[in-house]
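Note that the coordinates shown come from a computational prediction; the quantities given were computed from them, not determined experimentally. Here is the naming used below: chain letters follow the sequence lines, and residue numbers restart at 1 for every chain.
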Number of protein chains: 2
Amino acid sequence: MNEKMDDRKLTILNAVIRTYLETGEPVGSRTISKYTDLKLSSATIRNEMSDLEEMGYLMQPHTSAGRIPTDKGYHFYVDQLEENRSSSVEAMNSLLIAKTNRMEEILKKVVKMLALNTNYTTMISAPSVKRNKVKFIQLSRINEKQLLNVVVIDGNVVKNHIIDVKEGISDEQILRLNLLLNTRLNGLSLADINLGLISNIKEEAGDHSDIVSDVLDTIAEVIRAETDENMEIYTSGANNIFRYPELADSQRAAQLITTLEEKEGLADILQSDDDENRGIQVYIGEESPVESMKDCSIGTATYDLGDGMQGTIGIIGPKRMDYEKAMDNLKQVKQSLNDVFKNNSPAD
Amino acid sequence: MNEKMDDRKLTILNAVIRTYLETGEPVGSRTISKYTDLKLSSATIRNEMSDLEEMGYLMQPHTSAGRIPTDKGYHFYVDQLEENRSSSVEAMNSLLIAKTNRMEEILKKVVKMLALNTNYTTMISAPSVKRNKVKFIQLSRINEKQLLNVVVIDGNVVKNHIIDVKEGISDEQILRLNLLLNTRLNGLSLADINLGLISNIKEEAGDHSDIVSDVLDTIAEVIRAETDENMEIYTSGANNIFRYPELADSQRAAQLITTLEEKEGLADILQSDDDENRGIQVYIGEESPVESMKDCSIGTATYDLGDGMQGTIGIIGPKRMDYEKAMDNLKQVKQSLNDVFKNNSPAD
DNA sequence: GTTAGCACTCAATAAAAATGAGTGCTAATC
DNA sequence: GATTAGCACTCATTTTTATTGAGTGCTAAC
């Protein structure tokens, strides 16, 4: 009963999976008997496949159909790939990326290119730093009743906000506030700015403590914006799900589209989990953290721009996706992003 | 042969269309005979419908089926509505909108709410001004080698950019540059900033003409970004297309999704066409400017924030959309947006 | 251990029949 | 002359039945 995975079984399992990836149809014993080198009759294959089914790698969609891989079967296949692969995708045209220097533009371009290359749906999360520190604060006058407040944090993320002031404020007072805010807040992270410090600063600010509140709100907002929870995420190639009949029926498609549009739970997939950044992660079927993607497979890779800034790229496809291609592409994009930003610090 | 549209025909036509809007099924004579007050037999209705078909308002999908409206029929119906309608949608919760003050957030929220309310796909274009003027320019030092350049234009659209400087620059020089740039450029539009002016400024800037170039580039970028061509557009409720079988088949759906994702041609629909801003525009079927929406109807309304800032809201649905509801909602959102911004100048 | 052979299963496809909503036309009625 | 009842006819849709064929499991022979 409890069979052991021998060499021949392995060959057959791989053949079945690879064939299924191509065709999307259950694959029968006769097909394999012809497809492989090992000259075995369909009957023998049949016995082996029966064993593989018992072992949990294959299954039949119904009594008298060929076999298709189970999630476990896919996983076995993917793990195998991961070991002895060498990327073969030609380098992405880095120039195309380097040309524009707005982070948002780059990410959109990358995710689009990836979707185009792979014919799958893709997503990318904007890089976010682990511990964001305030780098620079600037208040300046726009007119009598309005001030412009600019906050820059690590990674040159800039946030501006217009503050309405009721009573007049002199240029000198603005200067003083600038000095105060910068000396007290620069280099601090969100955690460092505690209530004691805040009331301290407000006291020093005197009349204009309300402006200080406003500035602090802005700081909180920009740092929060860079945190995992409301991570910026871009997607592309949603239409590609219609290439794969198993995902294209109204029910599933509507759910998927909704997920992608609302970006529900995508953050869960794209959070750059462990620092043990071991390359490429693959979620197959039920393993997906997101309900609407239980029929999909998802590949992710984390890219790193240095200074602790990192984000994640993801590819979403059917379970019978071309894992080799997907993984190669992920690896490639990851590398390209790392390279492009090595000597480059683009501002948003 | 050439019948005239009398009162009874009109009642019947309206009945047919209204019924079809509900059911999506071709509607037969017997249904109408029961549905309307005018006590007529199915046979009579049949004759009238036959006339209406000849006149181009109705058609049969196949020989022995009920009638469905033609594009012309829909149009007749919609035009009729437009005349004697009084909006009945309860006011959108303006507070919800007013709370946040980032334009982008507002638009996303509005378009989402609209999609939720109507169960159609919705879109909105960010308000753009016709003639953008520079309002405020600020250069400030981040550190030894970097300057932060902030440009504010009409409508409080803010753009910032970090400039790398090779050689050192003194605080005094920065002050001088600020003065120079502001005195020479404030209040000017893109068209006003010509080559003569540019070389003048550069000359005055002396050593730091390269910084001036950088600043000018930023100005060009921000003003260009606000122009019609790369108008910012937000969409929501793409998943709603799956509610309507006539749009939900893979073919059509994939095209629609692609259009929405890439925002191909949406700008054409949302351009706030004529200043003769006559309320609500409806494109039915073939009238759509976008290929993938030839099976849809599109309603648009232009909103106006004053100062010549205007954008457009749009609703995309099946041809048998609930025009009344859609138009009411458009009217309502338009009004709300106008109201909310009346005393409010949010910064992006 | 391998394979040929055979009975059996079952989704998918095709073909045939039944249904029923709706029409157009004609002749009778108001 | 407008309205209506009645009837034969059309045609998409649904239901039913048959046919096909890929694939399996099992057994017996090699």
Side-chain angles (χ1 to χ4, degrees), chain A residues 1-13 15-17 19-20 22-70 73 245-246 249, chain B residues 1 3-13 15-17 19-20 22-55 57-70 73 245-246 249:
Chain A
M1 273 283 141
N2 235 331
E3 283 289 342
K4 199 72 198 182
M5 173 72 82
D6 64 15
D7 218 46
R8 195 170 70 179
K9 279 190 175 51
L10 200 149
T11 314
I12 293 176
L13 177 56
V16 170
I17 295 183
T19 312
Y20 183 69
E22 272 174 37
T23 64
E25 298 291 308
V27 6
S29 52
R30 195 131 179 296
T31 314
I32 297 301
S33 142
K34 283 189 279 185
Y35 181 78
T36 49
D37 309 337
L38 26 82
K39 267 297 180 192
L40 294 176
S41 80
S42 61
T44 313
I45 305 286
R46 216 135 58 218
N47 293 330
E48 295 287 37
M49 295 212 301
S50 177
D51 291 349
L52 285 167
E53 176 160 7
E54 216 165 78
M55 294 160 75
Y57 295 107
L58 294 179
M59 61 170 291
Q60 292 179 279
H62 58 85
T63 316
S64 69
R67 304 300 209 291
I68 64 176
T70 59
E246 61 265 51
D249 79 290
Chain B
M1 274 284 138
E3 283 289 342
K4 200 71 196 182
M5 174 70 82
D6 64 17
D7 217 47
R8 195 169 71 178
K9 279 191 174 50
L10 199 148
T11 314
I12 292 175
L13 176 56
V16 170
I17 294 184
T19 312
Y20 183 69
E22 273 174 35
T23 65
E25 298 292 308
V27 5
S29 52
R30 194 129 180 295
T31 313
I32 297 301
S33 144
K34 282 189 281 183
Y35 181 79
T36 49
D37 311 337
L38 25 82
K39 268 296 179 192
L40 293 176
S41 80
S42 61
T44 314
I45 306 287
R46 218 138 52 221
N47 292 330
E48 296 288 36
M49 295 213 301
S50 177
D51 290 349
L52 285 166
E53 177 161 9
E54 216 163 79
M55 294 159 75
Y57 294 107
L58 296 178
M59 60 169 289
Q60 292 178 278
H62 57 85
T63 315
S64 68
R67 304 302 208 289
I68 65 176
T70 58
E246 62 265 51
D249 79 292

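Across all strands, A:T44 comes closer than 4.0 Å to base atoms (heavy-atom distances).
Rounded to whole Å, the distance from NZ on B:K39 to C1' on C:dC30 is 18 Å. Atoms CG (B:L52) and C1' (C:dT23) sit 15 Å apart, rounded to a whole Å. Between the C1' atom of D:dG23 and the CD atom of A:E25 lies a distance of 13 Å, rounded to the nearest Å. In this structure, A:I45 places its CD1 atom 9 Å from P of C:dT3, rounding to the nearest Å. Summarising the geometry, the separation between CG on B:L40 and P on D:dA2 is reported as 14 Å, rounded to the nearest angstrom. Separating the CD atom of A:E48 from the P atom of C:dT2 is a distance of 7 Å, rounded to the nearest angstrom. Look at CD1 on B:I68: it is 14 Å from P on D:dA12, rounded to the nearest Å. In this structure, CZ of B:R46 is placed 12 Å from C1' of D:dA8, rounded to the nearest angstrom.
Side-chain proximity of B:R8 to D:dT4, C:dC6, D:dT3: nearest is D:dT3. The A:S64 side chain lies nearest to D:dG23 when the options are D:dT4, D:dG23, D:dG25. When each of D:dT24, C:dG24, D:dG23 is scored by its nearest atom to the side-chain atoms of A:M49, the top-ranked nucleotide is D:dT24. For B:Q60, taking side-chain heavy atoms from C-beta onward, the closest of the listed nucleotides D:dT24, C:dT23, C:dT3 is C:dT23. Which of D:dA12, D:dT24, D:dT4 sits closest to the side chain of B:H62 comes down to D:dA12. Counting only heavy atoms from C-beta on, B:N47 has its side chain closest to D:dT4 among C:dA21, D:dT4, C:dT3. For B:T63, the side-chain atoms get nearest to D:dC11 when compared with the rest of D:dC11, D:dT3, D:dA5.
Shown are A:R46, A:K9, A:R67; of these, the salt bridge (Lys or Arg N to Asp or Glu O under 4.0 Å) with A:E53 is made only by A:R67.
In terms of phosphate contacts, B:R30 brings no side-chain nitrogen or oxygen within less than 4.0 Å of OP1 or OP2 of C:dG20. Listed pair B:R67 / C:dT23 meets the phosphate criterion, a side-chain N or O lying under 4.0 Å from OP1 or OP2.
Separation of atoms CD1 (A:I32) and OG1 (A:T44) is listed at 13.0 Å; rounding is to 0.5 Å. The distance from atom CD1 of B:I45 to atom CD1 of B:I12, rounded to the nearest 0.5 Å, is 4.0 Å. Here the straight-line distance linking atom CG of B:L13 with atom CD1 of B:I17 works out to 4.0 Å at 0.5 Å rounding.
With contacts defined as side-chain heavy-atom distances shorter than 4.5 Å, the pair A:R8/A:L40 qualifies.
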